[in-house]
Amino acid sequence: MQRHSLFAAMSLGLFAGAATTTALAESTPLEEQLKELESFQVIAHRGASGHAPESTMAAYELAHEWNVDYLELDAQITADGEVVVFHDDAIDRTSDGEGKINDYTMEELKALDTGSWFNEANADKADADFAGAQILTLDELFERFGHDARYYIETKSPQLNPGLEEALVKTLEEYDMVESGRVLVQSFEQESLLKVQELNDDIPLIQLVWYYPSEEDESRLVEWTGVTPGPAEINDEDFQAVAEYASGIGTNYIYEGQEVIDADFIRQANENGLPVHVYTVNETDEMERLMEMGANGLFTNYPDRLLKLVE
């Protein structure tokens with residue numbers, strides 16, 4: 001059985017009785033990771049980014065301290081080929097620099113302050129220790145938490161980061177993050193995910209989607225990259241096409257106040273072997289609603305709020 005079909009088979013009950021017990025007893029860490037995606041996952045979006053500057057060590061330290069299921073991060077590549085943890089294409093919003101992140105070398109990026117902006121924007125959460133926070137390399141994050149954490153990594157803006165997939169996979173292999181069941185790789189770009197798959201077929205992949213009203217017909221929802229039809233039109237065959245290479249779907253749940261997915265979307269995805277992780281959910285009432293709808297996990301800037309509900 002192919003790895004990506006493992007979740008589907010388990011969801012459909014194809015493993016049963018003593019055979020199930022034997023299979024699970026002999027399962028590898030990677031297989032165990034995929035099995036655990038059936039249960040609810042608390043995903044710290046850029047770390048505990050509601051409490052500390054996003055994508056900084058402080059944010060990841062806090063999320064790890066709270067024992068979240070995954071530390072979520074965005075991977076990009078510097079001008080000198082280093083994999084860095086940073087969300088925006090430009091450094092302006094969350095640092096004292098300006099311009100495109102991949103125009104800078106790692107040494108140049110390390111000179112930036114990526115913490116003071118948070119103090120200025122969040123006076124009630126300001127901490128003098130945040131000032132001067134540096135942009136992280138993926139190596140630094142792995143060296144800090146190692147196999148004591150799991151990582152949910154997005155290949156960010158692949159078209160602006162040539163060579164990102166190769167550099168990312170090399171780093172994952174160097175730290176034995178794949179076979180140890182420590183990592184998921186996500187992307188909106190199907191091509192990027194397929195490139196990762198070509199480099200290492202064992203890496204579990206998550207297809208990100210973004211649903212919003214069509215410009216031609218606002219009553220009809222479409223997907224940003226066209227990787228699936230809109231939620232009202234998506235069918236088993238569409239989900240199965242994603243399940244051919246991915247181990248799950250990451251989706252928005254709302255667009256400008258309009259809900260874009262429902263319980264039927266989640267149920268149908270699950271029935272076709274795809275757990276559904278929803279982003280980015282910060283209010284407790286919305287967390288509760290999505291949990292009731294059957295979401296398999298939530299991305300949140302406030303993992304402490306979500307953990308209280310899960311407990």
Chemist: Identify, with sequence neighbours excluded, every residue that meets ring pair (Phe, Tyr, Trp, His ring centres under 6.0 Å) alongside His87.
Modeler: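 Partners of His87 by the ring pair (Phe, Tyr, Trp, His ring centres under 6.0 Å) criterion come out as none, since no residue qualifies.
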Chemist: May I ask you to list the residues sharing a hydrophobic cluster with Phe130, side-chain cutoff 4.5 Å, ordered by chain and number?
Modeler: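 Noted: Phe130 shares its cluster with Trp117, Phe118.
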Chemist: Would the distance check show the side chain of Arg182 and the main-chain N or O of Ala149 forming a donor-acceptor pair, the cut-off being under 3.5 Å?
Modeler: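 Such a contact is found between Arg182 side chain and Ala149 backbone.
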Chemist: Taking only residues two or more places apart in sequence or in another chain, which ones pass ring pair (Phe, Tyr, Trp, His ring centres under 6.0 Å) with Phe265?
Modeler: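 Partners of Phe265 by the ring pair (Phe, Tyr, Trp, His ring centres under 6.0 Å) criterion, ordered by chain and then number, come out as Tyr211, Phe239.
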Chemist: CD of Glu32 to OG of Ser27: how many Å apart, nearest 0.5 Å?
Modeler: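 Rounded to the nearest 0.5 Å, the CD-OG separation comes out at 4.0 Å.
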Chemist: Restricting to salt bridge (charged side-chain N to carboxylate O under 4.0 Å, His left out), what partner residues turn up for Arg144, sequence neighbours left out?
Modeler: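 Salt bridge (charged side-chain N to carboxylate O under 4.0 Å, His left out) list for Arg144, sorted by chain: Glu61.
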Chemist: What pairs with Lys125 under side chain to side chain donor-acceptor pair (under 3.5 Å), at least two apart in sequence or on another chain?
Modeler: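 Side chain to side chain donor-acceptor pair (under 3.5 Å) check on Lys125 returns Tyr302.
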Chemist: Is the Phe188-Trp224 ring centre distance short of 6.0 angstrom?
Modeler: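 Yes, they do, as the ring centres are separated by less than 6.0 Å.
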Chemist: For Glu179, what residues pass the salt bridge (charged side-chain N to carboxylate O under 4.0 Å, His left out) criterion, not counting sequence neighbours?
Modeler: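 Here no residue qualifies.
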Chemist: Give a yes or no answer on whether the side chain of Asp69 reaches the backbone of Val42 with a donor-acceptor pair at less than 3.5 Å.
Modeler: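 Such a contact is found between Asp69 side chain and Val42 backbone.
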Chemist: Go through the structure and list residues passing ring pair (Phe, Tyr, Trp, His ring centres under 6.0 Å) with His45, not counting sequence neighbours.
Modeler: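 Ring pair (Phe, Tyr, Trp, His ring centres under 6.0 Å) check on His45 returns nothing, list empty.
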Chemist: For Met106, what are the other residues in its hydrophobic cluster, where any two members join if their side-chain heavy atoms are less than 4.5 angstrom apart?
Modeler: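 Met106 clusters with Val84, Phe86, Ile91, Ile101, Tyr104, Leu109, Leu112, Ile135.
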Chemist: Which residues pass the salt bridge (charged side-chain N to carboxylate O under 4.0 Å, His left out) test with Glu108, sequence neighbours left out?
Modeler: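 By the salt bridge (charged side-chain N to carboxylate O under 4.0 Å, His left out) rule, Glu108 matches no residue at all.
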Chemist: For Arg289, enumerate each residue passing the salt bridge (charged side-chain N to carboxylate O under 4.0 Å, His left out) test, keeping only those at least two apart in sequence or located in another chain.
Modeler: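 Partners of Arg289 by the salt bridge (charged side-chain N to carboxylate O under 4.0 Å, His left out) criterion, ordered by chain and then number, come out as Glu259.
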Chemist: Please collect all ring pair (Phe, Tyr, Trp, His ring centres under 6.0 Å) contacts where either partner lies in residues 137-174, sequence neighbours excluded, each pair once.
Modeler: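 Pairs touching residues 137-174 that pass the test: His64-Phe145, Tyr70-Tyr152, Phe142-Tyr151, Phe142-Tyr175, Tyr152-His277, Tyr152-Phe299.
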Chemist: With sequence neighbours left out, what residues match Phe40 under ring pair (Phe, Tyr, Trp, His ring centres under 6.0 Å)?
Modeler: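 Counting only residues at least two positions away or on another chain, Phe40 forms no ring pair (Phe, Tyr, Trp, His ring centres under 6.0 Å).
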Chemist: Looking only at atom types and distance, does a side-chain atom of Asn122 sit under 3.5 Å from a main-chain N or O of Ala126, one as donor and one as acceptor?
Modeler: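 Such a contact is absent between Asn122 side chain and Ala126 backbone.
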